[in-house]
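Structure first, then comments.
We name chains A, B, ... by the order of the sequence lines, and we start the count at 1 in each one.
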Amino acid sequence: MSTPRPDGRILAFLVAAALAVGLYAFVSATATVIWPFVLGMVAAYLVRPALAPFEARGIRRDRVAQALALVGIGLLAAAWGALKPWALRALAAEQLLWPSRLQTLRGLPDLVRKEAITRFPVGGERIAEAVTEIQAHVVASFPAPETALLDLVQSLLLFVVIPFVGFFALVDGPRGIRAAVAACPPRHVEKALSLLWQIDGVLGAYLRGLLTQAVIVSGLTWVGLSVIGLRDAAAIGIVVGFSNMIPYLGPIAGTVLALAAAFLQFGTPDAMISVLVFFAALQFVDNWVLQPFIMGRAVELHPVVVAFSLLAGGQVFGFWGLLFAVPVVSVLRESVAVLFAWYAVERGAQPSEGSRHALEVPYL
Amino acid sequence: MSLVRDFFIDPEFRRRRDVLAAVALFEGLPERELGFLTRVTLDKEYAPGDVLFAEGDTGRALFVVESGQVELVKRGADGAPQRLAVVGPGTFFGEMALLEELPRSASAVAVERTRVQLLYKAKLDALTEVRPRVGVIVLQRLAMFLSARLRLASEQLVGREASGRRVPA
């Protein structure tokens, strides 16, 4: 009696599953090193459409990328040259003011606790306790002096690593695709790359949606803070809008920045309460209106699915889950839809739109 | 001057664009639009005997033959392969994939070492969103070719009926 041969498909599935687990373990272990490279590739992906008009004229991609890099460096140098005198004057003025500002900020938690207990006889103690907890978290989040310099250097290096990776991803991206095409088995070139192009379309739509959301949040913040009377409403609006792309941390950082600016400008808790109420309303609008509808429309996901993806991603994977929930779900959805359509069409289960009409209307 | 040109101009891109310019399907495309179309095509080389796609595979791309020859083969009612055509440089096939991603009605096999350029439907659709003129011209030309083929097929069908040959159901 012959021994049954193992099913090749089961083996292929096991190998694929083992590779996926290995990849997940590797990415988890090296996340802090990998993410600047990921950001560099994202930056290259965003800049890529700018190369199209030049490439369409036959100009070499690497020359266009080099020219863009030179223009970028030139603009930065020109901006620095123009802003340097103002920046040095502002820095000198701030250096005189900051000791007193720090003193004021150190007194902020006590002021808020006193105001909470005075204004809210019921619940004021609880608010005061919450302020104490937040203060403890903020103090704990500051880096220790011995590691602060290293953290600062590592952060500054990102401004070198990300553009460096982005430049080479921009120049060599097509080379990688051509190598993949050359290596792909002849019969499967069509299928393999078709899914890649459709995922490319979905990711592009997601990034455009993200940028649209950032611009709208920036605009709303600028208007809201201007109504409150904050001096630097435009600058704070830009920071809030773009940091809002980072789930959790972005909105908190933006809120803290606006609260500090309000306190330093007005010196009263009333202005801070106005800012806090505004940001609570902004977050509500962003999370329940902007994100589901803009992102849902951009990636063709139902708003409820977008909201669920964010909650589930955050619950399972924390910060990284929130950051990548929507693009991962939209890529998965696109992949499943495409693979199912291929299966249905190749099995003859799904007639084409054209053939349905052709059966009804004779050729004329 | 040629040194300056080689420094800035991509000769590979120019070669691919010239190949597409000679294809009847892209006739009428302005040079700039043709450049955008060339950007989204991919080239692939096949060895003799390589299957580009098999009958029944879902079609997703148009193939333009740059060099070499490709044999289009269809299985007959008895299952035996029947050669439909052999296409050479400057011709295209698999164009139905630009309209609908449906099973291929025939197989394509490289007769000799063959280089083709592939234009994916997904890429043409994405390009049409930002450069509508490209999509309009290509799809107009495609419609003309398909209309001509349909008329020819109808005439052939009527000719067979008139000659008394049994027309399969």
Side-chain angles (χ1 to χ4, degrees), chain A residues 48-49 51-64 66-67 174-175 177-178 180-202 204-205 208 334 338-339 341-348 350-356 358 362-364, chain B residues 5-14 17 31-40 42-47 49-54 56-61 63 94 96-97 99-104 107-110 116 118 120-123 125-127 129-131 147 150-151 153-154:
Chain A
R48 191 184 56 163
L51 273 61
F54 302 98
E55 284 188 294
R57 288 190 158 88
I59 300 174
R60 283 169 53 169
R61 188 182 183 97
D62 53 352
R63 300 293 173 238
V64 181
Q66 285 158 3
R175 211 174 290 176
I177 292 173
R178 283 199 292 273
V181 171
C184 195
R187 189 178 154 187
H188 300 293
V189 168
E190 258 193 298
K191 189 180 282 192
L193 292 180
S194 175
L195 181 59
L196 190 66
W197 303 147
Q198 282 173 297
I199 290 172
D200 177 47
V202 165
R208 281 191 296 274
E334 187 69 20
V338 166
L339 291 170
W342 292 351
Y343 172 81
V345 164
E346 289 187 11
R347 290 291 179 275
Q350 182 176 300
S352 70
E353 290 290 328
S355 64
R356 281 201 288 270
Y363 168 71
L364 296 172
Chain B
R5 192 178 59 230
D6 290 343
F7 185 78
F8 287 106
I9 303 301
D10 185 353
E12 186 66 20
F13 181 88
R14 288 270 163 126
R17 193 181 61 187
E31 193 175 322
R32 192 170 155 77
E33 310 304 333
L34 191 62
F36 281 105
L37 191 71
T38 308
R39 247 189 109 246
V40 301
L42 285 172
D43 51 3
K44 169 82 179 166
E45 201 163 291
Y46 295 87
D50 278 349
V51 175
L52 282 70
F53 54 79
D57 286 350
T58 305
R60 296 172 187 94
F63 289 75
M96 302 297 286
L99 297 174
E100 284 181 303
E101 291 184 349
L102 288 176
R104 295 286 193 190
S107 304
V109 182
V116 299
L118 288 89
Y120 282 83
K121 180 180 183 300
K123 282 292 198 180
D125 290 346
L127 180 62
E129 281 191 25
V130 290
R131 310 289 305 193
S147 171
L150 200 52
R151 285 177 197 278
S154 297

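- In this structure, chain B has a heavy atom under 4.5 Å from the backbone of A/Ala182, while its side chain stays farther away.
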I would like to know whether A/Arg187 and B/Asp57 meet side-chain contact (heavy atoms from CB on, under 4.5 Å); could you show each step before the answer? CA-CA 9 Å; A/Arg187 189 178 154 187; B/Asp57 286 350; 2.8 Å; yes
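- Only the side chain of A/Arg63 comes within less than 4.5 Å of a heavy atom of chain B; its backbone N, CA, C and O stay farther away.
- The main-chain N or O of A/Trp197 is never found under 3.5 Å from a side-chain atom of B/Lys123 such that the two would form a donor-acceptor pair.
- With a threshold of 4.5 angstrom between heavy atoms, B/Ala126 does not approach chain A through any atom at all.
- Residues A/Leu196 and B/Tyr120 fail the side-chain proximity criterion, which asks for heavy atoms closer than 4.5 Å.
- Nearest heavy-atom pair, A/Val181 versus B/Asp43, reported as atom, atom and distance to 0.1 Å: CG1-O, 3.7 Å.
- Chain A forms the most heavy-atom pairs under 4.5 Å with one residue out of B/Arg104, B/Arg39, B/Arg14, and that residue is B/Arg39.
- If you measure heavy-atom distances from A/Asp200 to chain B, the contacts under 4.5 Å come from the side chain alone.
- Proximity to chain A is limited to the side chain of B/Arg17, based on heavy atoms less than 4.5 angstrom apart.
- Residue contact with chain B, scored on non-hydrogen atoms closer than 4.5 Å, involves the side chain of A/Ile177 exclusively.
- A distance of 14.0 Å separates CZ of A/Arg60 from CZ of B/Phe13, quoted to the nearest 0.5 Å.
- For the atom pair CG of B/Asp10 and CD1 of A/Ile59, the computed distance is 10.5 Å after rounding to the nearest 0.5 Å.
- Open room surrounds CD on B/Glu31; 12 or fewer heavy atoms of other groups in view lie less than 6.0 Å from it.
- The heavy-atom pair separating B/Glu101 from A/Ser194 by the smallest distance is OE2-OG, 4.2 Å.
- Contact of B/Leu52 with chain A is made through the backbone alone, with heavy-atom distances under 4.5 Å.
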Walk me through whether A/Arg57 and B/Phe8 qualify under side-chain contact (heavy atoms from CB on, under 4.5 Å). CA-CA 11 Å; A/Arg57 288 190 158 88; B/Phe8 287 106; over 6 Å; no
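- B/Phe63 touches chain A through its side chain: at least one heavy atom from C-beta onward sits under 4.5 Å away, while N, CA, C and O do not.
- Listed options A/Val64, A/Asp62, A/Leu193 were ranked by heavy-atom pairs under 4.5 angstrom with chain B; first place goes to A/Leu193.
- Between A/Val189 and B/Lys44, the shortest heavy-atom distance links the atoms CG2-CE, 3.6 Å.
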